[in-house]
Amino acid sequence: MAYASLKEFVDSLERAGELRRVKVPVDIELEITEIADRSVKSGGPALLFEKPVAPDGHEYDVPVLINAYASDLRMKMALGVDSMDAVADEVAELLEIKPPEGIIEKVKMLPKLARLASFSPKSVSAAPCQEIVETENPNLFSIPAIKCWPEDAGRYITFGHIYSRNPRTGRRNVGLYRVQFFDEKTAGMHMHLHHDGAQNFQDSTRMGARMEMAIALGGDPVYVYAASAPLPPAIDELNLAGFLRRKSAELVKCKTVDVEVPADSDIVVEGYLNPGELREEGPFGDHTGWYSLADDYPVFHVTAITRKRQAIYPTTIVGRPPMEDYWLGGATGRIFLPLMKMQLPEIVDVHMPAEGVFHNMVIVSIRKAYPYHARKVMYALWGMGQMALAKVIVIVDEDVNVHDISEVSWKVLGSIDPRRDMVFVDGPVDALEHAAPRLHVGSKVGVDGTRKWASEGFEREWPPEIVMTDEIKERVTRRWEEYGLGG
């Protein structure tokens, strides 16, 4: 289903008992973070702070929404689906578009391309996100962006879906990057080297042209998810958003830059990056649970701020897991698993535990078919999109439940000989990988936790696992209360 606005999503959460309104004044610096962190770690609801205030006492007329995606139910509600698995196969089919090899393949591809095109965004001339327009004196501090953690360099936008175009191809990119306020009209745009937005900026710098951008906040909650999804470069994030909401996104052209944004956005910050202009951004309390250190990033110059009259400001915090981003990542794991299986059909399931903060650990179960099959999967994953940044990949047999960390730990620790079964490689790592010896470059390890075969050099007998017979299990179950153990 498509939400007509972020307010409609908030109302839906409230009807489902998944939202609590905080009606007293709450400080946007640190206090919202502490409340939201306690709530998410205790399984609490989404929170709407109706009276956010600055440390100087200024009260904002825009409420702050946080933890809106922080549960399985709320994540499904945000995407308008009953089950992540229910849409996974459809998404995989939609995105698995290969160059046709002949006329028959071309004909077969036509319905898929037509379906994809049916979700393409549409342009409109007027939009709710432009009910209030400020071009003369736009001020970033008019937005109730929060300071998340004590050592953060300032206040940050953390949940903006950010729009730009590649100057060579004209292709739109929608990314999810943090934005640090420097002053009323400039901010740091934290785009990692491996992000498409950073590639767009590099191309713009090489061409000596400024890169126009827009930070959109709010609107249908599916936009944030689409901005975070690991899509192939040729797929527009807004096509995925349209597919999930079963309705094309409506876009309006910004007032001061040549960029289009969703018409139902709550707040839009328009601006540009000058070619090659960088400034120190950070530190920032990040999803790793540590502060990411200060470094140079592009400078965003604000040219306008537009908004709805009754806007809501969405935000999120990251830090020691689990936090809200865990559920966003979990949705990606379920939705994109079939696409991964198309490329590696031996994969049974994949899990990125919260403690691994996505890029630190990936657990994969496979149908092992030949010697060193686990290593083949490791190397394939390290060559696949964002999986290239995975620091630890653990491969287990198909009968292991990758979502049960206790079972995985037991099976892997009981199945490995460290020298034989651990594979070390060097390569690119996430920009937030603070333990690597150099920025963007480090080592990764693959752990083959599968049962070993004689053809892999294991000359001993592999012991059977201790398992009770089904007959005894059923007999004890039937007589459980008779033994005086019920109740």
Side-chain angles (χ1 to χ4, degrees), residues 72 83-85 88-89 322 330 333-334 336-356 358-384 387 390-425 443-487:
D72 289 335
S83 163
M84 295 301 174
D85 293 333
D89 290 333
R334 303 319 303 166
F336 285 84
L337 178 59
L339 188 63
M340 190 181 296
K341 288 181 177 180
M342 285 183 179
Q343 299 173 71
L344 295 171
E346 58 267 63
I347 288 179
V348 175
D349 205 354
V350 174
H351 178 52
M352 293 176 286
E355 295 78 7
F358 310 117
H359 53 79
N360 278 349
M361 177 172 282
V362 181
I363 305 168
V364 183
S365 57
I366 65 168
R367 296 182 186 89
K368 185 172 174 178
Y370 47 80
Y372 277 27
H373 196 162
R375 300 192 183 208
K376 177 259 191 183
V377 174
M378 292 173 201
Y379 296 136
L381 290 173
W382 277 321
M384 187 183 295
M387 282 290 175
K391 183 158 69 169
V392 180
I393 295 179
V394 179
I395 310 294
V396 295
D397 289 302
E398 62 182 300
D399 60 347
V400 178
N401 179 5
V402 297
H403 302 279
D404 185 335
I405 300 302
S406 176
E407 180 180 350
V408 169
S409 301
W410 170 55
K411 287 289 182 72
V412 170
L413 294 174
S415 299
I416 64 166
D417 174 78
R419 187 183 302 278
R420 179 194 63 206
D421 296 326
M422 301 181 77
V423 179
F424 291 88
V425 299
S443 65
K444 284 85 83 77
V445 62
V447 181
D448 180 357
T450 63
R451 290 181 290 272
K452 299 305 173 298
W453 298 352
S455 53
E456 294 175 303
F458 187 77
E459 298 175 353
R460 305 167 64 195
E461 179 184 357
W462 196 269
E465 183 181 325
I466 300 172
V467 178
M468 182 52 69
T469 65
D470 290 340
E471 178 186 355
I472 294 298
K473 288 183 186 178
E474 292 171 5
R475 184 191 306 172
V476 168
T477 298
R478 288 195 306 270
R479 300 185 61 189
W480 191 252
E481 292 192 10
E482 182 183 336
Y483 299 142
L485 299 172

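We count residues from 1, following the sequence as given.
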Report the relative orientation of the aromatic rings in Y483 and W480; use parallel for angles under 30°, tilted for 30 to 60°, perpendicular for over 60°.
perpendicular

Minimum heavy-atom separation for [X] and [Y], please, with both atom names.
| X | Y | result |
| --- | --- | --- |
| E456 | D448 | OE2-OD2, 4.3 Å |
| V423 | W382 | O-CH2, 4.3 Å |
| I347 | K341 | O-CE, 3.5 Å |
| R420 | I416 | NH2-C, 4.1 Å |
| V364 | V402 | C-CG1, 4.1 Å |
| V425 | Y379 | CG1-CE2, 4.1 Å |

Would the distance check show the side chain of K452 and the main-chain N or O of T450 forming a donor-acceptor pair, the cut-off being under 3.5 Å?
yes

Between W453 (side chain) and F458 (backbone), is there a donor-acceptor pair under 3.5 Å?
no

[X] side, atom [atom1]; [Y] side, atom [atom2] - distance, nearest 0.5 Å:
| X | Y | atom1 | atom2 | result |
| --- | --- | --- | --- | --- |
| S415 | I395 | OG | CD1 | 13.0 Å |
| M468 | R475 | CE | CZ | 10.0 Å |
| D72 | M84 | CG | CE | 7.5 Å |
| D399 | E465 | CG | CD | 7.0 Å |
| M352 | H403 | CE | NE2 | 10.0 Å |
| L381 | Q343 | CG | CD | 9.5 Å |

Carboxylate-amine/guanidinium contact K411 D404, below 4.0 Å
no

Check R334 with D349, please: is the shortest side-chain N to carboxylate O separation under 4.0 Å?
yes

Verdict with supporting geometry, M361 and V447, side chain to side chain contact (heavy atoms under 4.5 Å, CB included):
CA-CA 11 Å; M361 177 172 282; V447 181; over 6 Å; no

Testing I405, L337, N401, V408 for side chain to side chain contact (heavy atoms under 4.5 Å, CB included) with H351, which one passes?
I405

Side-chain heavy atoms of M384 within contact of M340, under 4.5 Å
yes

